[in-house]
Amino acid sequence: MRIRATVAAVTGALALSALAVPAVQADEKPDAGLSVPSGAEVFGAGSGAPAAGARAARAAEVPVIKKVVVNGGKDIVVGTKSKQKVTVAITASSPSGIADAYAFLWHGHIDEVDGFLAPTQEFGSCKVSANPTTSTCTVSITIDPRSDDLYTSSLAGTWKVAAGALAATGSDEDFIWNESQAKTRVQRFSKLTVNASPEPVKKGKAITVTGKLTRANWDTNTYKGYTNQPVKLQFKKKGAKSYTTVKTVKTSSTGTLKTTVKASADGTWRYSFAGTSTTPAVSAKGDFLDVK
């Protein structure tokens, strides 16, 4: 497999591109001018391959990719400090069995890649199923928000998954590769707070419920307010098992929330955000208010 050299070239070039982006353009996508590695590069086809006569003597065996699952089917959520380990599982089959499988995540256009997340290992870890022609191979990707993995917040959203498999024929020519085999979402970790006051309060009197919705900013490795987002104000009466939505409030230009309601009974107030394609759903822990 020749993927390590190719991946090093792509990630290295992306890192240099990120450094070259002026601070005032931090939210823009840099044009790295890089292409997604091909299947031949990934599996080293052509290097040590059988002679042309030998290849012509037999039909090529092309594996079939049955399924690709990223992060257990869940969105990938990345904050500002903690590394996230993501597993990609590739299930494939071929008459001779599967020798290897590989996958990586990429963002942008196929000829203008601006984001690239690759496994640390060179080969997939494969487990043969009850049917010897089918295997599930896994590769692990570690995402470090403090490195050049996610150098700008504009990379949040949908990423494509390039994946392929190599048949166990002994020939590096017998592979299947798809640059867009699947999709996954890489999101900016979100936080939400709430505070209901004054406390205690008399029944029927007005209370003010404040809060703030923030999310990870990968340009600065800090949390910034998420502006102009609809957030539900919810209440759970003391003894109740679930929350009910009272109203919807929009965040300010700095991500803050503020509204007033009448106190009717003891209970817990919280804000709840449904999430977007770039930011996961989150609910505040809740603030209990004593009503006299």
Side-chain angles (χ1 to χ4, degrees), residues 1-11 34-76 85-111 113 115-143 158-186:
M1 184 177 287
R2 303 290 183 267
I3 186 65
R4 292 300 288 270
T6 305
V7 169
V10 174
T11 53
L34 300 170
S35 300
V36 175
S38 68
E41 291 172 309
V42 170
F43 293 112
S47 176
R55 290 198 300 271
R58 65 173 181 83
E61 184 173 317
V62 181
V64 174
I65 296 179
K66 294 180 174 292
K67 182 172 59 175
V68 173
V69 179
V70 181
N71 198 37
K74 300 178 181 179
D75 292 333
I76 302 167
K85 186 176 181 179
V86 177
T87 298
V88 183
I90 309 106
T91 301
S93 65
S94 198
S96 299
I98 298 298
D100 189 22
Y102 201 78
F104 55 78
L105 314 183
W106 62 278
H107 185 276
H109 187 271
I110 192 168
D111 294 320
V113 179
F116 197 85
L117 297 172
T120 52
Q121 75 263 39
E122 188 169 355
F123 298 93
S125 176
C126 299
K127 183 177 181 180
V128 181
S129 70
N131 183 340
T133 66
T134 303
S135 293
T136 296
C137 306
T138 58
V139 293
S140 295
I141 300 172
T142 300
I143 305 172
T158 300
W159 284 58
K160 294 182 178 66
V161 183
L166 180 68
T169 60
S171 169
D172 55 19
E173 297 285 337
D174 294 338
F175 67 85
I176 184 73
W177 182 254
N178 188 339
E179 291 89 353
S180 302
Q181 180 66 44
K183 293 181 180 180
T184 190
R185 291 200 304 192
V186 181

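- Residues meeting the side chain to side chain donor-acceptor pair (under 3.5 Å) test with S94, sequence neighbours left out: E61.
- The nearest pair of heavy atoms linking T169 to S96 is CG2-OG, 3.6 Å.
- Distance check, rounded to the nearest 0.5 Å: CD1 of I65 to OG1 of T91 gives 10.0 Å.
- Looking at V88 and P119, their side chains never come closer than 4.5 Å, going by heavy atoms from C-beta outward.
- For the pair G108 and K160, the tightest heavy-atom approach, listed with the atom from each and the gap, is O-NZ, 4.0 Å.
- Taking the six-membered ring where tryptophan is involved, the planes of F43 and W177 are perpendicular, since the angle between them exceeds 60° and thus also 30°.
- Not one N or O on the side chain of Q181 forms a donor-acceptor pair closer than 3.5 Å with the backbone of N178.
- Partners of T138 under the side chain to side chain donor-acceptor pair (under 3.5 Å) rule, at least two apart in sequence or in another chain, do not exist in this structure.
- The line from CG of L105 to OG1 of T184 is 6.5 Å long, rounded to the nearest 0.5 Å.
- Residues that satisfy the side chain to side chain donor-acceptor pair (under 3.5 Å) test with S93, not counting sequence neighbours, are absent from this structure.
- A pairwise comparison of heavy atoms in E179 and W106 identifies O-NE1, 2.8 Å as the closest pair.
- Here the side chains of I176 and V64 are not in contact, with every heavy-atom distance at 4.5 Å or above.
- Residues D100 and F175 fail the side-chain proximity criterion, which asks for heavy atoms closer than 4.5 Å.
- Taking all atoms of both residues into account, the shortest heavy-atom contact from A99 to A167 is CB-O, 3.8 Å.
- The two atoms that bring A101 and V139 nearest to each other are O-CG1, 4.2 Å, heavy atoms only.
- Residues forming a side-chain contact (heavy atoms from CB on, under 4.5 Å) with K127 (at least two apart in sequence, or on another chain): none.
- Among L117, T87, N71, T120, the single residue meeting the side chain to side chain contact (heavy atoms under 4.5 Å, CB included) criterion with I141 is L117.
- With sequence neighbours excluded, the residues satisfying side chain to side chain donor-acceptor pair (under 3.5 Å) with T133 are N131.
- Atom CD1 in I90 sits 11.5 Å away from atom OG in S135 (nearest 0.5 Å).
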